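Inspection log for the structure reproduced underneath, given as structure tokens.
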Amino acid sequence: MSEKKDLTRAEEVRLRRERDTSKRVQRARKESTRPAPPVTRRARQEAAAPKRKPARNVRRRFQVAVPVTESDVHSLSVPRPRLGMRLLSFLLSILLLAAIYFVYTLPQFRVTDAQITGNRLISAQELSAAMNIAGQPIFSLKPAELETRLRLNYPELASADVAVSLPNVVSVNVVERNPVVRWEQGAGYTWISEDGVAFRPRGEIPELISVIAVSAPTLTLSASDPLNPLPFISTEMVQALKGLASHVPPGVSIIFDPVYGFGWNDPRGWRVYFGTKANDVELKMRVYQSLVDSLTQRGIHPAVINVTYPTAPYYRISQ
């Protein structure tokens, strides 16, 4: 007991390993001396199986598993050409180019003339020439541009409506301004519509109110529509002229003075002014007639009578 206790731990481990090693050696000896089991041969099967002759100059094939990543698969894959969609796109492009070419070159899609309605003063040939659409492809025409061109070239047009339709039809409907006043100034004259716009006269219309002006009126007016020309005179002045026209002596023209307004030369030997207001024309005419009767009774022959303000009329005698 005293000897076992004196052994160290390392010595105990070494003794244990030696014992285990001797046991394994003894076990291996027993297994090697054990007789082998009998083997039965099948002669028929060995005789029936043909013997294969070793092939000469035959390369052996080996299958080896190699790890491949997903990126390697994409790099090794051969892209398949998508000829179907590309061919379809190419054919559609060719057809589109051909359609555009024929649309711009075939005579069936070229405009010959415009169908114009609503015109009375301006001829259809003149309006068509201003639009310059003869021989143009129908698809190149823009109605808004044609409307602007007409209204800028012809202030006598209050509106213009242009429509295009296949194959080559251009329809134009215009509304013309009606002339009311024939305004003569200097060596020329112009026509003025109800809204005070001046435009080029076309012939002679006897029914127009004739006005002989010393100079043009000074107005600070603006047009709400940029395509509308600025008025030459105000609408109130036009209404005043229409009210005075029924009282003008036969064969006498209305005159305009920028200071005193509208009036005329009375055949009895004086000039009368009524201003430019339209709301009191009838009152002014009554005051004027009363003043003329009073002056005639008193034997006064005036040179100028002014009833611009009917509550304060006056006359002036020539000196």
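Just so it is clear, the structure is predicted and the values come from calculations on it, not from any experiment.
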| Arg120 and Asn178: side chain to side chain donor-acceptor pair (under 3.5 Å), yes or no, with the steps? | CA-CA 10 Å; Arg120 295 181 299 104; Asn178 294 319; 2.5 Å; yes
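- A 4.5 Å side-chain heavy-atom check between Val181 and Met237 finds every atom pair outside the cut-off.
- Proximity of Pro143 to Val164: side-chain heavy atoms (C-beta onward) are separated by under 4.5 Å at one or more points.
- A donor-acceptor contact closer than 3.5 angstrom is absent between the side chains of Asp195 and Thr235.
- Other residues, nucleotides and ligands place no more than 12 heavy atoms under 6.0 Å from the CZ atom of Arg17.
- Scored by the salt bridge (Lys or Arg N to Asp or Glu O under 4.0 Å) test, Arg149 finds no partners at all (sequence neighbours excluded).
- The heavy-atom pair separating Pro267 from Pro249 by the smallest distance is CD-CG, 3.9 Å.
- With contacts defined as side-chain heavy-atom distances shorter than 4.5 Å, the pair Val281/Leu244 qualifies.
- Put simply, NE2 on His301 and OG1 on Thr296 are 9.5 Å apart, with the number rounded to the nearest 0.5 Å.
- When the side chains of ILVMFWY residues are joined at heavy-atom separations under 4.5 Å, either directly or via intervening members, Phe199 and Ile205 end up in a single hydrophobic cluster.
- Side-chain contact between Lys242 and Ile209: present, with at least one pair of heavy atoms (C-beta onward) separated by less than 4.5 Å.
- Separating the CD1 atom in Ile212 from the CG atom in Asp257 is a distance of 13.5 Å, to the nearest 0.5 Å.
- To the nearest 0.5 Å, atom CG of residue Leu157 and atom CD1 of residue Ile122 are 4.0 Å apart.
- Between atom CG of residue Asn168 and atom CZ of residue Arg110 there is a gap of 11.0 Å, rounded to the nearest 0.5 Å.
- Rounded to the nearest 0.5 angstrom, Arg202 CZ and Glu126 CD are separated by 4.5 Å.
- Taking the side chain as every heavy atom from C-beta outward, Pro179 and Leu121 approach each other to under 4.5 Å.
- When hydrophobic clusters are built by joining Ile, Leu, Val, Met, Phe, Trp and Tyr residues whose side-chain heavy atoms come closer than 4.5 Å, directly or via intermediates, Trp183 is not grouped with Ile255.
- Cluster membership check: Tyr273 shares its hydrophobic cluster with Val259, using side-chain heavy-atom separations under 4.5 Å among Ile, Leu, Val, Met, Phe, Trp and Tyr.
- Ring-plane geometry between Tyr288 and Phe274 is classed as perpendicular, the angle between the planes exceeding 60 degrees on a 0 to 90 degree scale with a lower cut at 30.
- Between Phe256 and Phe262, the ring-plane angle classifies as tilted under the 30° and 60° cut-offs.
- Ile138 and Val169 are members of different hydrophobic clusters when ILVMFWY side chains are connected at heavy-atom separations under 4.5 Å.
- The shortest non-hydrogen separation linking Thr308 to Pro310 is O-CD, 3.5 Å.
- Around atom CZ of Arg268, more than 12 heavy atoms belonging to other residues, nucleotides or ligands sit under 6.0 Å away.
- When the side chain to side chain contact (heavy atoms under 4.5 Å, CB included) test is applied to Ala129, no partner is found at least two apart in sequence or on another chain.
- Proximity of a side-chain donor or acceptor of Glu184 to a complementary backbone N or O of Tyr189 within less than 3.5 Å is not detected.
- Side-chain contact between Asn228 and Val197 is absent, with no heavy-atom pair separated by less than 4.5 Å.
- Closest heavy-atom contact between Arg200 and Trp191: O-CE3, 4.3 Å.
- Trp270 is not connected to Val304 by any chain of hydrophobic side-chain contacts under 4.5 Å among Ile, Leu, Val, Met, Phe, Trp and Tyr, and they are in different clusters.
- Side chain of Ser128 to backbone of Gln125: no donor-acceptor contact under 3.5 angstrom is found.
- Within the 4.5 Å cutoff, the side chain of Asn119 has heavy atoms near those of the Glu176 side chain.
- One distance of note links CG of Leu208 with CG of Leu241; it measures 12.0 Å at 0.5 Å rounding.
- You'll find the side chain of Val180 stays beyond 4.5 Å of the side chain of Ile192, heavy atoms only.
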| Given the rule in the side chain to side chain donor-acceptor pair (under 3.5 Å) test, do Asp293 and Gln289 qualify, once you have shown the distances and angles that lead to the verdict? | CA-CA 6 Å; Asp293 294 341; Gln289 189 60 45; 3.2 Å; yes
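- Shown here for Ser193 and Val238, the closest heavy-atom pair between the two residues is O-CG2, 3.9 Å.
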| side chain to side chain contact (heavy atoms under 4.5 Å, CB included) evaluation trace for Leu166 with Phe139 | CA-CA 9 Å; Leu166 294 175; Phe139 295 96; 3.4 Å; yes
